[in-house]
Amino acid sequence: MEKIVVESSRPLYGNIEISGAKNAAIPIIFASLITQQTCIIENLPNISDVRLSLEILESLGCKVRMLSKSSVEIDTHAAIQGACPYDLARRMRGSYYLVGAELARYGKASVSFPGGCDFGVRPIDQHIKGFEALGANTVIENGNIESFAPEGLRGTHLYFDNVTVGGTINVMFAAVKAEGLTVIENAAREPHIVDVANFLNSCGANISGAGTNIIKIKGVGELHGTSYAIIPDMIEAGTYMCAAAAAGGALKITNVIPKHLESISAKLEEMGVSVTTLDDAVIISRTGELSPVKIKTLPYPGFPTDMNPQFSVLLCLANGVSTMTEGIYDNRFRYVDELRRMGANISVDGKCATFTGGTELSGAPVRAVDLRAGAAMIIAALAINGRTEIENIQYIERGYEDIVGKLAAVGADIKRVTVSDGMKSETVG
Ligand code: EPU
């Protein structure tokens, strides 16, 4: 079994470079399928969800060749529709992007129902509403999403009932070659939506308005191959910003787009953390105590749900009463029990957690219950004078490139260990 072990709190000093954005990389990898040509994708994060997405394309017959640690060439000429094995698709949420991509390429799609982190119910009704509006009959049958446009895909005017990142991107995929104009209202505005639209436009698509809540897609005949670099990961950056706020010291976080970090920077400043913004970097330092705050997660440009667990650790450390209200998911507080094992005083009432902070946390064996919850366990461990062992780290490795190496390089007392039969047998950096 693999674990991450943090021995003791140390202030963090130095630079951390941010990798490409997971939630842009995954859809862009699947979007390459629409082109029927060869795409080169750069600034890819080296994480297991990206490797799995590439494996899925290989299972469909695409040729995938790594050009460097962070760039890949995907030749999609020989892809076969509907061939993705259940075992691969169910291991990640983003596999649902195959539905939009296959619809655009073949006019039909067959993909296993997706997996992903457990935050309560995660329906895909809005994706299906979009596919249907474009003329594709879509059903969930025998664990598969089956979609077929008997008369081809036609442009449509669609209003999402709620803001959905995956739904916005998937409908954008299906609409990109549909006949005529598609208008998506109440679209998600996350930076990764803009990045996916930019990628598709670089392949010859005609998409405007990405980044606003109305996206217009004029169908085009064919897409061509491209070479494209993915934006930096705002959530990875936010995670290290929280790490510096929890452990103290001064961290320069490079290769970021500071505009994407505004809601995160604003909350840190409200808590008494110093944030200096440069052109493509932020410097985070904390010397004094953290102040309590109220946070509510919302779709972008609101405070991101994917920063809920990491900030909750800071709320445990802040001197006084803070609240975290979850505005996106039904059940994003499964990590609270793990923080309680470290001595945190948290009560949860539905979608709102109240933190009575300021008492010292203590090291404990804990689990990563999902990706961001796992990152939160590391952040808590970095603030604790004592040993913390974190299990289930495969969740963390789905979305963070070399989190142990990056933190160790700025002074954290952290390592990844392999434990067999109750004994530590090997350390891996
Ligand atoms: N929703 C519906 N119907 C739908 C789609 C979504 O009701 O058809 C609801 C969801 O249940 C949820 C809300 O709408 O309550 C937002 O869901 P959204 O579709 O935006 O989420 P997603 O596309 O499934 C992506 C990221 C998540 C991130 C969310 C929100 C990927 C692969 N996943 O999920 O990332 O939390 O957007 O920003 O892009 C993570 O990176 O740790 C992660 C979980």
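Whatever order the structure lists ligands and atoms in, that order sets their numbers, starting from 1. Hydrogens, waters and symmetry mates are skipped; everything else that's a heavy atom, side chains included, is used. Model, not experiment: these values are computed from the prediction.
Ion pairing between Glu185 and Lys216 fails under the 4.0 Å rule for side-chain N and carboxylate O. Between Glu326 and Lys351 there is no salt bridge, since none of the side-chain N atoms of the basic residue sits less than 4.0 Å from a carboxylate O of the acidic one. For Lys69 and Glu401, the salt-bridge test passes: some basic side-chain N is under 4.0 Å from an acidic carboxylate O.
Contact between Pro123 and ligand 1 is present, with at least one heavy atom of the residue lying under 4.0 Å from the ligand. Residue contact check for ligand 1: Tyr96 places a non-hydrogen atom closer than 4.0 Å to it.
Ring geometry for Tyr240 against Tyr400 counts as perpendicular: the plane angle is over 60°, on a 0 to 90° scale with 30° as the lower cut. Using a 30° and 60° split on the angle between ring planes, His127 and Phe131 fall in the perpendicular class, above 60°.
In terms of modelled atom types and a separation under 3.5 Å, the side chain of Glu190 and the main chain of Tyr300 share a donor-acceptor contact. A donor-acceptor pair is defined here as one N or O able to donate and one able to accept, closer than 3.5 Å; no such pair exists between the side chain of Thr226 and the backbone of Cys39. Thr35 places a side-chain N or O within donor-acceptor distance of the main-chain N or O of Gln37, the cut-off being under 3.5 Å.
Heavy atoms of Lys22 found under 4.0 angstrom from ligand 1 belong exclusively to the side chain. Using a 4.0 Å cut-off between heavy atoms, Gln126 contacts ligand 1 through both its backbone and its side chain. With a heavy-atom cut-off of 4.0 Å, Leu371 touches ligand 1 through its side chain alone.
In this structure, Phe311 has its ring center under 6.0 Å from that of Phe303.
Nearest to atom 35 (O) of ligand 1 by heavy atom, out of Ile193, Asp306, Asn170, is Asp306. Closest heavy-atom approach to atom 16 (C) of ligand 1 among the candidates Asp233, Thr297, Ile235, Ile328: Ile328. Which of Asn23, Asn331, Asn308 comes nearest to atom 33 (N) of ligand 1 through a heavy atom is settled by distance: it is Asn23. Ranked by closest heavy atom to atom 17 (O) of ligand 1, the top entry among Tyr300, Tyr97, Tyr329, Phe160 is Tyr329. When the heavy atoms of Ile169, Val165, Leu298 are ranked by distance to atom 38 (O) of ligand 1, first place goes to Val165. Which of Val196, Thr164, Asn162 comes nearest to atom 9 (C) of ligand 1 through a heavy atom is settled by distance: it is Asn162.
At under 3.5 Å, not a single nitrogen or oxygen of Thr305, backbone or side chain, sits near a nitrogen or oxygen of ligand 1. For the pair Gly94 and ligand 1, the shortest N or O to N or O distance does not fall below 3.5 Å. Checked by distance only, ligand 1 and Ile26 stay at 3.5 Å or farther apart across all their nitrogen or oxygen atoms. Looking at ligand 1, you won't find any N or O of Gly167 less than 3.5 Å from one of its N or O atoms.
Applying the 4.0 Å criterion to heavy atoms of Gly166 picks out, from ligand 1, the atoms 19 (O), 23 (O). Residue Asp125 has at least one heavy-atom neighbour below 4.0 Å for each of these atoms of ligand 1: 2 (C), 3 (N), 4 (C), 7 (O), 8 (O). Here is the list of ligand 1 atoms found below 4.0 Å of a heavy atom in His127: 8 (O).
Annotation: cation-pi pair Arg398/Tyr395 absent, no NZ/CZ under 6.0 Å from the ring centroid and within 45° of its normal.
The local environment of NZ in Lys218 is sparse, with at most 12 non-hydrogen atoms from other residues, nucleotides or ligands closer than 6.0 Å.
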